[in-house]
Amino acid sequence: MIVLGIETSCDETGVGLYCSERGLLADGLYSQVEIHARYGGVIPELASRDHVRKTLPLIREVLADAGLSLGDLDGIAYTAGPGLVGALLVGASIGRSLAAGLDIPALGVHHMEGHLLAPLLEGGGLEFPFLALLVSGGHSQLVRADGIGRYEMLGESLDDAAGEAFDKVAKMLGLPYPGGPHLARLAENGDPERFDFPRPMTNRPGLDFSFSGLKTYVRTVMAELRESEGEPGEQTRADIARAFEEAMVDTLTIKCKRAIRQTGLESLVIAGGVSANQRLRKVLENQLGADSVYYAAPRYCTDNGAMIAYAGCRRLLAGEREGLEIQVRPRWPLESLGAI
Ligand code: KG4
Ligand code: ZN
């Protein structure tokens with residue numbers, strides 16, 4: 001079965017082609033970073049309009065890359081939520097309508113299920129059950145996954161998502177949007193001994209996260225530095241970036257280890273944009289053993305169409321189909337998904 005996947009939930013237009021026999025055939029991405037960077041964050045209306053411009057040309061491009069035409073498709077999957085309602089509607093309208101025109105099944109996919117399954121995209125021996133740390137711009141969740149659609153939420157962020165905290169702190173440090181990868185680069189030159197930032201909610205039981213206090217802590221440190229030594233220079237900003245990244249990675253690692261102890265699960269999947277972070281990967285691998293930690297290639301950690309094609313293919317193969325109406329769910333709990 002060959003499935004076209006369409007991702008338009010936020011600020012990237014992603015298209016992927018996944019074949020149940022041959023694996024990933026092709027995929028492409030249009031990033032809207034340049035459009036939103038000057039505003040320091042995503043402007044929903046501009047995101048929707050750019051998805052309108054880019055989705056169909058990108059579908060043509062990805063089909064051409066794979067040497068296929070629309071007639072070769074057996075199904076179409078699109079992100080139906082969670083995300084920005086206007087942006088979601090673009091992908092859903094195109095996907096649902098195209099499938100109706102081609103008389104093939106269509107399916108709305110949960111964006112976070114796409115992320116969660118991304119490490120399976122390119123094989124690699126991962127099997128259910130596993131623990132998943134989903135860390136993106138909109139979510140920080142610890143999930144027990146017993147199968148596709150069999151998810152139990154073990155913990156989540158009470159305020160800012162991990163990626164959101166990276167982006168906000170990066171902004172304080174004067175880095176461009178989206179700040180996560182920029183902050184990680186700056187942190188490489190930082191002195192890990194200079195600052196010691198708190199590891200929020202690690203000294204009490206439970207698997208929930210809270211990152212807004214850490215963000216405020218950084219703001220306070222910067223304000224104090226401004227007062228005592230003037231505007232922080234390049235080295236000081238790098239030192240702050242390093243301390244923040246270490247605090248984030250440490251906090252996530254402590255919670256993952258705790259969840260592993262509680263559940264007895266042996267494999268950990270990290271997925272979502274923040275799973276592209278090299279320090280997070282390295283520390284988790286050091287602490288849990290390299291064989292226990294699974295993640296996708298960096299381009300499939302951040303938003304992409306390939307993961308939607310893959311998740312859609314698994315569900316379409318199991319017989320799931322959407323009706324003819326175009327439906328999106330900007331808020332959509334992962335645990336409410338049906339098992340296949
Ligand atoms: O999954 P994603 O592409 O979009 C959402 O579904 O939100 O995640 C984007 C988030 C952004 O906050 C971005 O700053 C963060 O992932 N991110 C990173 C890195 N690469 C992307 N954060 C830390 N280190 C990175 N290398
Ligand atoms: Zn995402």
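Indexing begins at 1, ligand by ligand and atom by atom, following the structure's order.
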- prompt: Taking non-hydrogen atoms only, is His115 closer than 4.0 angstrom to ligand 1 via side chain, backbone, both or neither?
  reply: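 For His115, the contact with ligand 1 is made by the side chain alone.
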
field: Derivation of the side-chain contact (heavy atoms from CB on, under 4.5 Å) call for Leu268 and Leu288
entry: CA-CA 9 Å; Leu268 171 73; Leu288 303 174; 3.6 Å; yes

task: List the steps and the verdict of side chain to side chain donor-acceptor pair (under 3.5 Å) for Thr236 and Arg194.
output: CA-CA 9 Å; Thr236 296; Arg194 174 139 176 228; 3.1 Å; yes

query: Measuring from Lys54:NZ to Glu61:CD, what's the distance to the nearest 0.5 Å?
result: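 One gets 10.5 Å once the value is rounded to the nearest 0.5 Å.
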
- prompt: How long is the gap from CG on Leu98 to OH on Tyr78, to the nearest 0.5 Å?
  reply: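 Rounded to the nearest 0.5 Å, the CG-OH separation comes out at 11.5 Å.
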
Which ligand 1 atoms are under 4.0 Å away from a heavy-atom of [X]?
X      : value
Gly137 : 5 (C), 7 (O), 8 (O), 9 (C), 10 (C), 12 (O)
Gly163 : 12 (O)
Ser136 : 1 (O), 5 (C), 6 (O), 7 (O), 8 (O)
Gly138 : 7 (O)
His111 : 6 (O)
Asp167 : 11 (C), 12 (O), 13 (C), 14 (O)

query: Taking the six-membered ring for Trp, is the centroid-to-centroid distance between Phe244 and Phe197 below 6.0 Å?
result: no

Qualifying side-chain hydrogen bond (donor to acceptor under 3.5 Å, both in side chains) pairs with a residue from residues 106-125, counting only residues at least two apart or across chains: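 Matches after skipping sequence neighbours: Glu7-His111, Ser9-His111, His111-His115, His111-Asp303, Glu113-Tyr151, Glu113-Arg315, His115-Asp303.
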
message: At less than 2.8 Å, how many protein N/O/S atoms surround the Zn ion (ligand 2)? Leave waters out.
response: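 For the Zn ion (ligand 2), protein nitrogen, oxygen or sulfur atoms under 2.8 Å: 3.
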
Closest non-hydrogen atom pair between Leu116 and Ala132, with its separation: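 Closest approach of Leu116 to Ala132: CD1-CB, 3.9 Å.
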
- request: Please write down residue, atom name and distance for the protein heavy atom closest to atom 2 (P) of ligand 1.
  value: Asp303 OD1, 3.3 Å

query: What's the shortest distance from atom 24 (N) of ligand 1 to any protein heavy atom, and which residue and atom give it?
result: Asn277 ND2, 3.0 Å

message: Would Phe166 count as being in polar contact with ligand 1, using the rule that some N or O on each side must be under 3.5 angstrom apart?
response: no

- prompt: N/O to N/O below 3.5 Å, does that happen between Gly179 and ligand 1?
  reply: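 No; the residue has no nitrogen or oxygen that sits under 3.5 Å from a nitrogen or oxygen of the ligand.
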
- request: Assess whether side-chain contact (heavy atoms from CB on, under 4.5 Å) is satisfied between Tyr30 and Thr55, documenting all intermediate values.
  value: CA-CA 9 Å; Tyr30 268 117; Thr55 307; over 6 Å; no

query: In terms of heavy-atom contacts, does CG of Asp291 have more than 12 from other residues, nucleotides or ligands at under 6.0 Å?
result: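 Counting other residues, nucleotides and ligands, CG of Asp291 stays at 12 neighbours or fewer.
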
message: Go through it in stages, so that I can follow the logic: the residues are Ile240 and Phe195, the test is side-chain contact (heavy atoms from CB on, under 4.5 Å), and I'd like the CA-CA distance, side-chain angles, deciding distance and then a yes or no.
response: CA-CA 7 Å; Ile240 293 173; Phe195 298 104; 3.7 Å; yes

query: Does the ring of Tyr177 carry Lys171 above it, NZ/CZ under 6.0 angstrom from centre and within 45° of its axis?
result: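 Here Lys171 fails the 6.0 Å and 45° test against Tyr177.
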
